[in-house]
S.K.: 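Below is one structure. I have some questions about it.
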Amino acid sequence: MEWLLLLCVLSPAVGCIINGLFGRWTYRAAGVIGSTFLGISFALAVPLIIYAIQGHVVDYSYYHWIVSGKFTVPFGLRLDSLSAMMLGVVTFVSFMIHIYAIGYMGGHKGYARFFTYLNLFVFAMLLLCMGNNYLTMFIGWEGVGFCSYILIGYYYEKKTAADAGRKAFVTTRIGDIGFIVGVLFIILYFGSVKFTDVFAQAHMISPAIITIITLALFLGAIGKSAQFPLYVWLPDAMEGPTPVSALIHAATMVTAGVYMVARSAPLYALSPTGSLVVASVGAFTALFAATMALTHFDLKRILAYSTISQIGYMMIGVGVGAYWTGMFHLMTHAFFKALLFLSAGAVMHAMHGVLDMRLMGGLRHKMPQVCIVMIIASLAIAGIPPLSGFFSKDVILSEALMLGHPIIWLVGVVTAFMTAFYMFRMIFFTFFGESRVPEGMHPHEAPSVMLVPLWVLAVGSIVIGGILGVKVHGHISIEHFISLTSPNAFPIVHKYSETLLIIISIIAGVLGIAVAWLAYIPKGAFSFRSFVVRTFHPLYRCFFNLWWVDEIYNFLFCRPFWHVSERFLWKAVDVKVIDAGVDDVGRVAGLTGRAVRILQTGFINNYACWVSAGALIICGWYLLKIM
Amino acid sequence: MENYVPFLMVAFILFAIGAIGVLVRRNFFVVLMSLEIMINSAGLVFVILSYFSGTVSGQVFFIFVAAVAASETAVGLAIAVLMYRVRHTVDVTEFSMMKR
Amino acid sequence: MISYSLVDFRPIIPELVLLFFTFFILFIDFAIPKAKKKINGFIALIGVAVTLVVVLSLYGSSWTGFNNMIIFDKASGFVNIILLLTAFVAILMSLDFIKREGINFGEYYVILLFSLIAMQVFCSTYNLIVMFLAVETLSISMYILTAIKRDGLRSIEAAMKYFILGSFASSFLVLGIALIYGLFGTVDLLRVKELLTGADSLHTWIALVSFVLILIGFGFKIAAFPFHAWTPDVYEGAITPMSAFMSIAPKAASFMALMRLLVVGMFPIQVEWVKLLWIIAVFTMFFGNLVALWQKDLKRLLGYSSIAHAGYMLVGITAANSLGYGAVLFYLFGYIFMNLGAFSVAEYISKKNVEGCLIDDLRGMGYKYPLAGAAMLVFMFSLSGVPPTVGFIGKYYLFSAAVKSHLYWLVILGVINSAISAYFYLNVIVTMYMKGGAKEEVVSFPSPYLRAAIVIGAVGTIIFGVAPGSVLNVALSSIVF
Amino acid sequence: MTSMEAIIFAIVSLIAVVGALGLVFAKNPYHSALWMVFSFVGLAGLLALLEAYFLTVLQLIVYAGAIVVMIAFVMMTIDFRKVGGLSKFVPQWLWGLIISFGILIDLFILASKMKIDVSQSGKNLAIAGSNTKALGMELFTHYLFPFELVAIILLVALIGVVVLTKREIK
């Protein structure tokens with residue numbers, strides 16, 4: 001089994017090497033080769049997952065990488081229910097995205113290069129998920145960061161793309177500092193980096209140290225999973241090709257932070273402070289990002305903010321101590337977010353790169369299938385039963401409340417409402433109403449190589465939550481499955497009626513959709529309807545005169561939010577404070593470099609001055625002490 | 001003689017004067033000679049301390065230092081010749097092509 | 001009456017073997033016709049290889065000789081291996097290069113080997129005077145080797161700067177040694193340690209200042225802030241094989257000597273030098289990395305990066321535990337492969353009689369020369385400390401040694417630096433792979449030996465990154481102060 | 001220090017310091033070379049005062065004689081009149097002065113605080129009867145190894161200088 005696991009992880013690497021070295025000759029076949037190796041990986045993953053579901057754990061060190069005295073760092077992989085889930089999600093969703101990319105990237109130059117990077121990306125992610133120790137995880141962690149850099153900056157001729165890649169790299173690198181420091185602390189206090197060893201000793205270490213470690217690790221998660229305040233790279237990450245966005249947002253990269261926290265559950269379980277920070281940051285990010293998604297007109301940007309928001313949800317899940325809920329949402333989210341991005345990509349493909357929703361509208365006639373899958377995905381993310389998002393979101397909210405975090409629960413519910421609203425705003429804007437497509441553009445249905453993955457993911461988005469989420473009395477429910485490895489640390493304090501909670505979250509979702517519908521649909525169909533209403537039923541006219549509602553909405557709802565989100569949150573906080581903050585790190589480093597560089601005048605006398613000034617200061621310092 | 005401080009002070013003054021020469025002069029030859037003064041004054045410190053501590057090894061070290069200084073000077077002069085060949089000047093501030 | 005016997009020659013067997021080959025080249029050079037000067041290089045190569053074998057077979061012995069002037073212990077054996085490996089690759093890089101640049105004469109190798117002997121002595125003694133003479137031999141050889149391209153504007157400028165600064169720093173060094181001699185009546189660090197242990201506070205402080213003067217000379221050699229200023233200029237100006245050689249071998253020897261000075265001679269005042277080194281390490285790291293952000297010349301970039309790497313290694317010394325010292329040795333070992341490799345690639349795309357090598361010239365190289373490009377990718381990753389390369393393992397040990405000594409802030413600053421550095425190393429990769437439209441076509445320098453050097457670098461970087469175990473254990477167990 | 005010794009000390013150290021100052025501040029580099037001879041003679045006097053007679057002679061012959069002649073000889077091959085525009089000081093000369101004074105102050109403090117055992121003062125020569133003999137004994141027994149190293153330094157410098165300055169080699 002352990003060799004099967006190794007093979008499964010290495011398969012994308014093989015694809016990467018083949019495409020990388022022979023890319024010049026595999027031009028046409030590169031996509032197929034890349035996808036094939038991921039397919040192999042997925043095929044191998046299936047028996048492994050089944051094996052893990054049966055309760056088996058594979059923890060095998062293939063090779064001792066660093067050995068010094070008692071301390072060893074093995075290169076090893078671990079398959080348990082937690083990593084099995086990630087294995088399934090990553091390989092399957094990536095496989096779909098690869099297939100889609102064959103169609104999407106067709107005709108682009110650097111086709112083979114693209115698949116090389118893509119395979120490498122998946123390989124790094126698999127390493128991150130499957131490693132049985134923190135350092136193997138770290139290799140994947142760094143690898144994912146690097147791949148995101150080259151993939152986001154894939155269209156390097158475009159300045160924005162190159163900048164976005166750089167931004168992603170610098171920002172996540174800031175987080176990585178936390179991760180490295182956390183790992184160094186773990187080495188120092190545990191004397192091992194293997195998960196099993198660390199977790200076995202966790203209760204013997206002082207809580208303060210555990211808190212420091214958990215916070216340091218979480219800083220890494222903030223960077224990788226795009227949480228407040230290091231989320232700024234993610235909206236820009238859409239500068240990359242759409243399959244890359246899908247990959248980053250759905251299956252790989254951003255989920256790494258959530259997975260890492262869930263993986264470190266035994267540590268977080270010992271640190272209420274650390275957990276609370278995770279949950280609070282998650283809740284705040286969820287709300288914050290959702291408000292920002294409300295007003296954008298850029299298709300992919302809305303999706304990007306929604307990703308940040310949804311990752312916030314997952315962080316709530318893992319932060320309150322219900323680790324399985326976070327992972328569950330991660331899984332369902334991977335499906336519908338990949339679906340959303342790929343459909344957005346299909347729209348973009350059809351619209352020749354246009355992403356502004358104001359230039360769309362009425363596309364449901366032109367591309368019905370894409371429209372349908374996108375609606376499915378939106379329903380899923382909005383949390384409408386029986387689609388998958390409903391189950392995962394509901395358990396996060398109810399667990400948050402039951403574990404004694406009512407405020408976080410409230411924030412979650414509000415966010416759920418907003419999520420439903422902006423997703424359907426997007427749907428209505430894009431696919432319904434009158435066509436605002438500019439002259440000369442002929443949107444068309446996506447080719448089947450792109451549609452097939454879309455439908456597969458759509459089916460996944462519908463059923464996956466139901467299959468795993470319904471609490472059967474047997475043992476296969478997701479809770480049971482993931483709880484095998486991550487303990488429910490905090491005692492449940494209150495028992496609320498689960499039915500009530502479910503109803504509340506459904507209401508939040510439905511309400512969101514309804515408001516979106518009220519706000520956007522009738523306006524487009526206004527002339528026809530008003531004609532009908534005016535002629536036949538004056539009362540009807542009053543009832544349906546939604547100009548008024550639209551105005552009210554605009555005045556009461558949209559404006560304030562627009563002000564709050566656009567003016568304040570987005571413009572002031574995001575652009576000025578955080579964006580500038582991250583840029584400033586780079587800028588300060590650069591400016592300091594430039595300032596310091598002036599010391600290097602090229603004149604030998606100045607150099608000699610430095611040497612002697614150094615001597616003077618150091619000697620003088622010590623001599624002052626004996627004066 | 002039991003007071004070594006005046007001797008040390010003379011040696012240190014020479015050292016500092018040599019340092020001034022290296023730091024402020026433009027002519028490579030003068031810099032070279034200033035370096036000679038510096039290293040010689042350091043050698044002088046060896047001899048002073050050798051005398052006052054009653055061991056003979058300091059004087060041996062002076063010979064070593066002198067030999068090193070001589071070889072350094074020889075190489076320095078060779079570099080001066082090369083400097084003159086490539087740029088027709090021995091002004092050290094003229095050689096500032098590589099910077100930042 | 002002191003008399004010496006054959007026993008005294010045991011610790012200098014490696015030096016003697018190398019000396020034999022050096023003189024062999026010196027004399028046979030007259031008999032070799034101008035067209036076949038490459039033979040000198042091969043003899044040097046063989047000499048280095050033979051010495052390497054000798055050192056490997058002697059590794060583990062512990063000898064002293066010549067009235068405790070020279071020793072051979074595990075640490076010096078390990079550093080000897082580093083030096084000889086570096087020299088081996090540097091000679092490989094030189095074989096065709098110096099012919100192309102018109103400096104094809106035997107004395108080049110003679111001086112190279114002499115400098116190597118000086119370094120071997122430098123790293124295997126506790127005697128300050130021997131250290132001084134060794135470091136001077138080393139410096140003088142280096143001045144000559146920097147200036148060896150006698151018609152190069154940059155190389156002469158570099159040699160001039162190196163010479164003045166080097167002599168300046170070594171006069172401080174001599175002064176420091178003189179003061180130590182006056183204070184303790186001896187220049188043997190082992191003896192100094194004993195005397196310093198019982199010294200009163202005033203005496204200790206004076207000794208500390210004297211040691212600081214010595215540290216200036218050493219700091220100059222390892223390019224620590226603020227004694228670093230020569231590094232980028234010299235690396236840029238010197239011919240590439242020599243820049244490569246200089247970036248590792250003298251540093252390795254100096255780090256070893258520095259450790260002997262600090263850990264043995266200055267042991268009683270460890271608290272003080274740890275503080276001093278803490279500050280110097282931080283400044284060195286930040287200076288190297290921040291200024292490197294702005295570099296356009298590849299060799300100059302590597303110069304600044306080598307300053308930063310000296311800073312990382314100082315972190316290991318600042319940790320002041322045997323793990324840290326061992327980590328420094330291992331880091332130097334790994335540094336051979338990644339840095340020599342990077343310089344080899346710089347040489348690979350250099351053009352005849354063109355000094356300097358712009359990063360922009362690397363455009364499109366990743367596709368035109370896929371293997372060299374991939375090798376450069378590996379080197380850059382390793383230099384920025386990305387796993388699973390040797391650079392990561394080295395840095396990991398340096399930092400974990402510092403964590404072990406509870407120098408948390410130092411580690412955090414080090415990690416931040418590591419993050420900054422990734423930026424400019426990645427820039428090189430991006431230029432190679434992701435910037436189209438080369439201004440002029442990249443041309444390669446077709447030398448099989450150079451290719452061998454690149455391959456050695458790449459293979460070493462990966463192998464010792466993936467399987468560092470054996471070398472790491474040797475490095476860690478070499479430290480027996 | 002007897003008064004005689006004090007007077008001699010004052011004279012020779014004045015010569016050494018004035019010579020060094022002249023070296024550093026003379027406009028003409030040839031004059032600098034002459035000042036250097038002057039300074040080295042003073043230094044030789046100091047060495048004589050410290051009863052290091054062999055070194056005195058060494059200083060006079062090797063430094064004041066050979067090295068200065070060598071420097072002057074090389075200077076002759078470079079025509080400074082043609083070089084032109086060679087002003088004396090670098091633009092940042094003030095910093096150089098300040099830093100050097102700082103170092104001087106540092107070293108003065110060091111000298112004033114330094115305590116060495118002077119009970120054996122002046123006895124280093126009694127070991128073997130004469131200064132030269134004592135030196136020779138020390139050089140060829142205790143310090144044989146460094147002595148050999150010095151030989152290598154000289155050899156390297158010799159080869160290096162020849163390599164660097166010989167004209168042709170293509």
Side-chain angles (χ1 to χ4, degrees), chain B residues 1-10 12-21 23-27 29-30 32-34 36-37 40 44 47-57 59-60 62-64 66-68 70-71 73-75 77-82 84 88-91 93, chain D residues 1 5 9 13 16-17 20-21 23-24 29 32-33 36 39 43 46-47 50-52 55 58 62 67 70-71 74-75 78 83 86-90 93 96-97 99-100 103-104 107-108 111-112 116-118 120-124 127 134-135 138-139 143 146 150 153-154 157 160-161 164-165:
Chain B
M1 290 189 288
E2 258 140 41
N3 191 1
Y4 48 87
V5 176
F7 283 93
L8 280 183
M9 290 214 171
V10 172
F12 289 159
I13 290 172
L14 287 176
F15 190 85
I17 294 173
I20 294 176
L23 294 182
V24 306
R25 286 301 300 248
R26 304 177 83 141
N27 191 311
F29 286 102
V30 181
L32 196 59
M33 288 186 271
S34 305
E36 283 298 308
I37 293 281
N40 234 295
L44 179 63
V47 181
I48 295 165
L49 296 171
S50 152
Y51 178 85
F52 287 103
S53 67
T55 51
V56 82
S57 27
Q59 298 197 5
V60 178
F62 183 86
I63 296 176
F64 293 153
V68 165
S71 3
T73 313
V75 174
L77 289 172
I79 289 173
V81 170
L82 292 180
Y84 185 69
H88 287 278
T89 178
V90 287
D91 182 347
T93 57
Chain D
M1 219 187 261
E5 278 170 343
F9 172 76
S13 48
V17 171
L21 285 172
L23 187 165
V24 170
S32 285
M36 184 157 115
S39 174
L43 225 146
L46 279 171
L47 293 175
L50 293 164
E51 298 176 24
L55 299 184
L58 189 83
V62 174
I67 288 184
M70 190 162 75
I71 292 177
V74 175
M75 275 199 286
I78 292 170
V83 170
L86 195 68
S87 69
K88 256 163 64 177
F89 299 127
V90 294
W93 57 271
L97 277 183
I99 292 172
S100 303
I103 288 177
L104 185 60
L107 291 174
F108 270 10
S112 60
I116 55 173
D117 179 18
V118 290
Q120 301 292 312
S121 170
K123 299 210 175 114
N124 52 353
I127 304 163
L135 216 55
E138 197 74 0
L139 197 54
Y143 296 102
V150 168
I153 295 187
L154 293 170
V161 170
L164 289 184
T165 49

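Protein chains get the first letters and strands the later ones, always in sequence-line order, with residue 1 at the start of each.
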S.K.: Tell me every residue that passes side-chain contact (heavy atoms from CB on, under 4.5 Å) with B:V75, counting only those two or more places apart in sequence or in another chain.
M.R.: B:I79, C:I140, C:Y143, C:I144, D:A157, D:V161
S.K.: Report which part of D:L164 has an atom under 4.5 Å of a heavy atom belonging to chain B: side chain, backbone, both, or neither.
M.R.: both
S.K.: Please determine, among D:I153, D:V74, D:L139, the option with the most heavy-atom pairs under 4.5 Å with chain B.
M.R.: D:V74
S.K.: What option among B:L82, B:L77, B:V81, B:I37 has the most heavy-atom pairs under 4.5 Å with chain D?
M.R.: B:L77
S.K.: Heavy-atom pairs under 4.5 Å with chain D are the metric here; pick the option from B:V5, B:L8, B:V24 that has the most.
M.R.: B:V24
S.K.: Are D:L50 and B:F52 close enough, and set up right, to give a side chain to side chain contact (heavy atoms under 4.5 Å, CB included), and what steps lead you there?
M.R.: CA-CA 9 Å; D:L50 293 164; B:F52 287 103; 4.1 Å; yes
S.K.: Evaluate side chain to side chain contact (heavy atoms under 4.5 Å, CB included) for D:L47 paired with B:L44, printing each intermediate quantity in order.
M.R.: CA-CA 7 Å; D:L47 293 175; B:L44 179 63; 3.7 Å; yes
S.K.: Side chain, backbone, both or neither: which part of D:M70 has an atom under 4.5 Å from a heavy atom of chain B?
M.R.: both
S.K.: Below 4.5 Å from any heavy atom of chain B, which atoms of D:I71 appear? Answer side chain, backbone, both or neither.
M.R.: both
S.K.: Is chain D contacted by the side chain of B:F12, its backbone, both, or neither, given a heavy-atom distance below 4.5 Å?
M.R.: both
S.K.: Which heavy atom of B:V90 sits nearest to which heavy atom of B:A80, and what is that distance?
M.R.: CG1-O, 4.1 Å
S.K.: Could you check if a side-chain atom of D:W93 sits within less than 4.5 angstrom of a side-chain atom of B:I20, using non-hydrogen atoms only?
M.R.: no
S.K.: Can you tell which part of B:S34 gets under 4.5 Å to a heavy atom of chain D, answering side chain, backbone, both or neither?
M.R.: both
S.K.: Measure distances from B:L14 to the heavy atoms of chain D and classify the residue's part below 4.5 Å as side chain, backbone, both or neither.
M.R.: side chain
S.K.: With sequence neighbours excluded, what pairs up with D:L21 under the side-chain contact (heavy atoms from CB on, under 4.5 Å) test?
M.R.: B:I17, D:V17, D:F25
S.K.: Please report the shortest heavy-atom distance between B:Q59 and D:E51, naming the atom on each side.
M.R.: NE2-O, 4.4 Å
S.K.: Might you point out which heavy atoms bring B:L23 and D:S100 nearest each other, and give the distance in Å?
M.R.: CD1-OG, 3.5 Å
S.K.: Given that the side chain runs from C-beta out, which part of D:S39 has a heavy atom under 4.5 Å from chain B: side chain, backbone, both or neither?
M.R.: side chain
S.K.: For each of D:I67, D:L104, D:L55, tally heavy-atom pairs with chain B at distances under 4.5 Å, and name the one with the top tally.
M.R.: D:L55
